[in-house]
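We name chains A, B, ... by the order of the sequence lines, and we start the count at 1 in each one. Keep in mind that this is a model prediction, so the values were computed, not measured. Computed over heavy atoms, backbone and side chain alike; hydrogens, waters and symmetry mates excluded.
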Amino acid sequence: MELWKQGAEAKIHKTDFYGKPCIVKERFSKSYRHPILDKSLTAQRVKSEIRAMLRCRMSGILTPTVYFVNMDSSCIYMEEMLDSVTVRDYIQSVQSSKTAVEAIETLTPLANTIGHTLGIMHKQNIVHGDLTTSNMLLQGDPSNNRLCLIDFGLSFFENLSEDKGVDLYVLERALISTHPNTEKLFNVILEAYCKSNDTGSKDVIAKLEEVRMRGRKRTMVG
Amino acid sequence: MAAKVIQCGPYPECNMTLMLFSNVLNAAEVRKCVMGGEFEAALLKTSMILEPFQVIVAANRAIHLHRIKKMMTKNVHSEVLFSLSPSKNISDSFRKFGLADNETSMFVVIVNDTDGSTCQAVIDRVKGQLTDITDVGKYSDLPTIQKVYKISETELSVCSAVDAVVSRISSKDIVTV
């Protein structure tokens, strides 16, 4: 297996799974954590990742297919999304090749798709936990807006608008800090979000306002 | 046409032999042989299989559970059958995915048949034609598969039926559909 990328939580290897291009996400143990806690945290994250991926797909959101899970070595073997770019790279390439106004125009359909997809996800009470433009892929020609969500390692199931609000807040911060002048796009995302998450969006948007005032972490005073 | 032997990805020292028979006349007899212990193999119902890859994923999971000694069933071959099913009920899985006596086609999986003797025993016993395993799609009954694996049209709008089935097989101990 060939090491492809490494993050704080896991190593990503590329391999072949019975003839299909495959990515192996291996969560390694952290020596600074107590072994018992380490084991249970890792197991819990592998499980929640698999659960969220499957649930998302069942409600019509594209996610990688899981081929094999090895709970002993905390490895997830999943489909490699061929012919795809991250939303991050795509936005950057559009922004660098066009004027600011044109770029926003080109990216508006994508923002619509992102908002729509996140609305569906939150309607199913799935909170992604790490929504950034690097964790979204566009498969095929980017203008087709075939959006695929990846990296559900921090996801959980929760019906609280607080958590959904934080989820959107994380995306807003990630979007604006990695891509300058995208405030308008985030508004498009929110509009589309409200349409697809018709029942719960009002509370979530209210929470988002609240989170914007205080930041992601709740004040624990009193 | 010959049987297809595939090396197990995560455990290179293990392998699986896959065979597809068509125009089978003696399904009941072959099933009795396996039940009676004449040879060890998993006999699958072809109508529940979309592609060989679906069986490979199930067999891969079975081999893994066999190696780490966490099998739910008695042996690795019954585990292949159980892995294929989305259900946690063993007898229900066998009924839905195991070969029935009146069938005229069958898919056979043999794990770790190193010298090919089991494979030969199966070929000698089955009165039918050995066929290319990729032809299994001809027998698959998509509506029933969709029902058993609980695959909605919404899901099929983003992925193929095989992907939907494979995801469920690989995560069956983690997610209950």
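More than 12 heavy-atom neighbours from other residues, nucleotides or ligands sit within 6.0 angstrom of CG on Leu37(A). Enclosure of atom CD in Glu105(A) is not indicated, since only 12 or fewer non-hydrogen atoms of other residues, nucleotides or ligands lie within 6.0 angstrom. Residue-environment remark: CZ (Arg33(A)) exceeds the threshold of 12 foreign heavy atoms within 6.0 Å. By the 6.0 Å contact criterion, CE on Met72(B) is open, its count of non-hydrogen atoms from other residues, nucleotides or ligands being 12 or less. Counting heavy atoms of neighbouring residues, nucleotides and ligands inside a 6.0 Å radius, atom NE2 of His116(A) does not exceed 12 of them.
Residues from residues 118-129 of chain B never place a non-hydrogen atom less than 4.5 Å from a non-hydrogen atom of chain A.
For Ile174(B), the parts sitting under 4.5 Å from any heavy atom of chain A are the backbone and the side chain alike. Looking at Ser167(B), both its backbone and its side chain come within 4.5 Å of chain A, counting heavy atoms on both sides. In this structure, no portion of Glu153(B) lies under 4.5 Å from any heavy atom of chain A. Contacts of Ile61(A) with chain B are made by backbone atoms alone, with heavy-atom separations under 4.5 Å and no side-chain atom involved. In this structure, the portion of Ser59(A) lying under 4.5 Å from any heavy atom of chain B is its backbone and not its side chain.
Using a 4.5 Å cut-off on side-chain heavy atoms (C-beta onward), Val175(B) and Arg55(A) make contact. For the pair Val166(B) and Glu79(A), the minimum side-chain heavy-atom distance is 4.5 Å or more. Inter-residue side-chain proximity for Asn70(A) and His64(B) is flagged as met; some heavy-atom pair is nearer than 4.5 Å.
Considering only residues two or more places apart in sequence or on other chains, Lys47(A) meets the side chain to side chain donor-acceptor pair (under 3.5 Å) condition with none of them. For the salt bridge (Lys or Arg N to Asp or Glu O under 4.0 Å) test, no residue two or more places apart in sequence or in another chain qualifies with Asp16(A).
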Below 3.5 Å, can you tabulate the donor-acceptor pairs from side chains in residues 102-110 of chain B to any protein atom, sequence neighbours excluded?
from, atom 1, to, atom 2, distance (Å)
Glu103(B), OE2, Ala100(B), N, 2.9
Ser105(B), OG, Thr46(B), OG1, 2.6

Let me see the working for Asn60(B) and Phe17(A) under side chain to side chain contact (heavy atoms under 4.5 Å, CB included), right down to the final yes or no.
-> CA-CA 10 Å; Asn60(B) 179 70; Phe17(A) 189 81; 3.5 Å; yes
Stepwise side chain to side chain contact (heavy atoms under 4.5 Å, CB included) check, Asp163(B) with Arg57(A) | CA-CA 10 Å; Asp163(B) 283 347; Arg57(A) 181 202 281 261; 3.7 Å; yes
Test side chain to side chain contact (heavy atoms under 4.5 Å, CB included) on Tyr18(A) and Val57(B) and set out the steps.
-> CA-CA 9 Å; Tyr18(A) 301 98; Val57(B) 170; over 6 Å; no
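Note: Ile50(A) leads Ile50(A), Ile76(A), Thr63(A) in heavy-atom pairs under 4.5 Å with chain B.
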